[in-house]
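Beneath this line is the structure, given in structure tokens, with notes to follow.
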Amino acid sequence: MSSESVAVPVLSRVGAPLFCNLIVSHRCFFKCQMCLNWKAPEADKALSFEECKKFVDGLSQFIDYKLDINIMGGEPLMLDWILPLCNYMYEKGFASIMSTNGYLIDETKAQEIADSRLEFLGLSLDGLKPHTHDTIRGMSGSHARIMSAIANLEARCKRPFSITFLTLILESNLGELPELVKWLSQPGGIHKEVSFTALLECGLVKDKEGWFRQAAYKHLWPQDPGKVSGVIDELIALKKQGHKIVNPVSQLEAFKEYYRDPEKFLRETEYCIHDYIIDLDPSSEILLSGHPLGSLKNSHDLKELWFSEKANQIRRYIDEYGCDSSRSCLINFLCAFPPDGDDQLDHYGNLAFFYQVRGKYDQSLLHFKKALIRNPRNANLHLGVAYSYFKLKDYRASVDAYDRAFGLKPDLRKDREIMSDYQKTLEGALQFYTQRRRDLYR
């Protein structure tokens with residue numbers, strides 16, 4: 001292949017997933033206004049402890065860094081083996097995150113959490129006023145149980161621990177959001193922060209076009225975009241004052257545009273997940289960024305499945321058409337915006353490969369360099385750097401990057417496609433320096 005021809009990217013080189021959702025069950029005793037899982041016929045489906053361990057074992061075969069695994073549902077704490085699963089993930093080198101409505105965290109459950117290896121806990125909290133939260137969540141007394149859960153955790157968790165409150169921006173709670181942020185700043189034994197999330201279409205209507213204008217969403221969707229912008233400006237000011245808001249300012253600003261016209265916003269926002277996430281759902285189906293990849297029941301090698309031709313077909317589809325999964329859209333909404341500082345770098349590697357497959361090699365190198373700050377021993381990142389430098393005809397830098405990749409992972413030399421590209425880089429370097437020598441004596 002000449003340096004002038006268009007290369008077909010080796011998509012399996014994109015690397016291992018950067019985030020994982022383990023959806024253990026759709027079972028839940030809440031009747032949240034913006035969720036239909038509790039009504040779904042498949043709500044009784046749930047993974048078993050052994051299935052979850054098998055999935056984690058499979059991930060450990062090809063992921064050699066501290067992957068975040070988000071345990072979600074439904075309500076995960078309805079399963080008595082969830083906290084032992086967190087311990088198992090820790091033993092495999094992964095970090096466990098759990099999203100819960102908090103209702104079941106009594107004194108005993110709080111102690112179990114304190115004794116476990118769970119690293120981050122997400123609690124749903126949609127308002128400071130009990131009536132607001134209880135109405136949104138469809139469960140009387142749920143606000144009081146959240147407050148009790150916080151007290152129980154603070155009394156028992158002496159190790160480093162963090163609670164992130166997961167708060168939707170809705171018509172009914174809009175005016176309470178700034179006060180909720182200020183409330184988080186009250187002294188306590190546990191680090192507390194809030195992450196705001198936008199409302200996505202959740203299946204309440206049959207006609208998806210203009211869904212947010214339909215009657216089924218009137219009590220959920222903020223009716224005044226100007227009011228949304230004003231509240232978000234307050235949140236941005238609070239964040240700049242040091243209040244504990246997880247969302248970067250760029251995302252808070254984007255919420256304003258989203259709530260003016262969500263369809264236009266999602267259509268025009270660059271889709272940057274690629275193969276960012278791997279999911280396992282309650283039916284044992286494995287998903288690649290929202291797209292069905294295979295079944296855990298039929299797969300004996302998760303690594304082989306992740307790098308399979310079927311996986312590459314999904315990646316090509318994503319490259320061409322973007323997202324057709326609400327879960328992936330939500331993750332993309334969270335990941336499409338850069339952090340306020342350079343301390344959160346998880347998404348840079350994904351962005352680097354995203355730009356590379358589109359031929360934007362300068363931009364890909366910028367993001368590879370940021371990704372390597374966090375993962376300097378990730379051989380796939382060095383391979384990505386090598387390929388981008390090759391396309392930019394910086395052969396010396398390309399060869400150096402290949403050498404670093406081979407030094408970190410010698411088995412890469414057994415990969416024919418990688419060695420073919422490496423050979424072309426060496427040939428390009430030879431032609432370049434041969435021409436330079438000719439020019440010198442001309």
Side-chain angles (χ1 to χ4, degrees), residues 21-25 27-35 37-38 68-79 82-83 85-86 95-157 159-170 172-173 176-177 179-199 235 243-247 330 334:
N21 289 313
L22 185 54
I23 309 159
V24 292
S25 170
R27 297 173 187 168
C28 187
F29 48 92
F30 275 27
K31 296 182 178 180
C32 299
Q33 292 182 343
M34 59 288 170
C35 175
N37 281 343
W38 54 277
D68 292 335
I69 301 179
N70 183 30
I71 303 170
M72 56 188 290
E75 176 46 54
L77 288 176
M78 292 177 68
L79 302 170
I82 280 296
L83 293 171
L85 178 63
C86 295
S96 56
I97 304 170
M98 186 187 300
S99 303
T100 171
N101 60 39
Y103 196 92
L104 298 176
I105 304 178
D106 57 13
E107 294 180 359
T108 300
K109 188 62 68 176
Q111 188 61 57
E112 291 176 3
I113 290 172
D115 294 337
S116 75
R117 303 304 305 205
L118 176 66
E119 295 200 22
F120 300 95
L121 184 67
L123 290 178
S124 300
L125 180 63
D126 290 308
L128 274 183
K129 297 177 182 178
H131 176 73
T132 302
H133 179 80
D134 290 0
T135 301
I136 292 171
R137 292 291 161 180
M139 184 69 172
S140 178
S142 58
H143 184 276
R145 293 294 286 260
I146 279 277
M147 297 300 127
S148 175
I150 295 167
N152 290 332
L153 289 166
E154 288 195 324
R156 289 162 180 80
C157 287
R159 62 183 176 87
F161 193 71
S162 176
I163 294 176
T164 299
F165 293 100
L166 309 173
T167 304
L168 279 160
I169 300 175
L170 303 171
S172 56
N173 69 357
E176 298 179 35
L177 301 184
E179 290 305 313
L180 187 150
V181 171
K182 294 175 185 176
W183 169 77
L184 286 176
S185 298
Q186 296 177 3
I190 293 177
H191 175 79
K192 297 187 288 292
E193 59 192 11
V194 62
S195 178
F196 292 104
T197 303
L199 177 68
L235 298 179
H243 288 273
K244 299 169 184 176
I245 299 175
V246 173
N247 311 78
L330 176 59
L334 297 175

Inset, instruction - Decide side-chain contact (heavy atoms from CB on, under 4.5 Å) for L125 and M147; before the verdict, give the C-alpha distance in whole Å, the side-chain angles of both, and the deciding distance to 0.1 Å. - result: CA-CA 10 Å; L125 180 63; M147 297 300 127; 4.1 Å; yes
Inset, instruction - Start with the C-alpha gap between M98 and C86, add the side-chain angles, then the distance that decides, and say whether side-chain contact (heavy atoms from CB on, under 4.5 Å) holds. - result: CA-CA 9 Å; M98 186 187 300; C86 295; 4.1 Å; yes
Inset, instruction - Determine, stepwise, if the pair H143 / T132 fulfils side-chain contact (heavy atoms from CB on, under 4.5 Å). - result: CA-CA 9 Å; H143 184 276; T132 302; over 6 Å; no
Inset, instruction - Take K244 and V194, measure what side-chain contact (heavy atoms from CB on, under 4.5 Å) needs, and give me the verdict at the end. - result: CA-CA 6 Å; K244 299 169 184 176; V194 62; over 6 Å; no
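With L123 as the fixed residue, the side-chain contact (heavy atoms from CB on, under 4.5 Å) test singles out one of L166, I105, T164: I105. The side-chain contact (heavy atoms from CB on, under 4.5 Å) with T197 is formed by just one residue from the set I169, L168, L170, N247; it is L168.
Counting only residues at least two apart or on different chains, the salt bridge (Lys or Arg N to Asp or Glu O under 4.0 Å) pairs with a member in residues 128-144 are D126-R137.
Residues L104 and E75 share a closest heavy-atom pair of CD1-CG, 4.4 Å. Shortest non-hydrogen contact noted between S195 and V246 is CB-CB, 4.1 Å. Closest non-hydrogen pair, L184 versus E193, comes out as CD1-C, 3.7 Å. Here the closest non-hydrogen pair linking A110 and C157 is O-SG, 4.5 Å. Closest of all the heavy-atom pairs between S116 and L83 is OG-CD2, 3.9 Å. In terms of heavy atoms, I23 sits closest to G73 at CG2-CA, 4.4 Å.
For the residue pair E119/S96, the side-chain donor-acceptor check at 3.5 Å is not satisfied.
Atoms CD1 and NE2, from I136 and H131 in turn, are 9.5 Å apart once rounded to the nearest 0.5 Å. Between H133 atom NE2 and N173 atom CG the span is 10.5 Å, to the nearest 0.5 Å. Taken from CD1 in I190 to CG in L153, the straight-line distance is 5.0 Å, to the nearest 0.5 Å. Interatomic distance, CZ of F29 versus OG of S142, reported as 9.5 Å (0.5 Å rounding). With rounding to the nearest 0.5 angstrom, the CG atom of L22 is 7.0 Å from the CD1 atom of I82. Here K192 contributes atom NZ and I150 contributes atom CD1; the two are 7.0 Å apart, rounded to the nearest 0.5 Å.
Residues K109 and N152 are not in side-chain contact: their nearest non-hydrogen atoms beyond the backbone lie 4.5 Å or more apart. Looking at heavy atoms from C-beta onward, I71 lies out of side-chain contact with L118 at the 4.5 angstrom threshold.
With sequence neighbours excluded, no residue forms a salt bridge (Lys or Arg N to Asp or Glu O under 4.0 Å) with R145.
Side chain of Q33 to main chain of T135: a donor-acceptor pair is present (N/O by atom type, distance under 3.5 Å, no hydrogens or angles).
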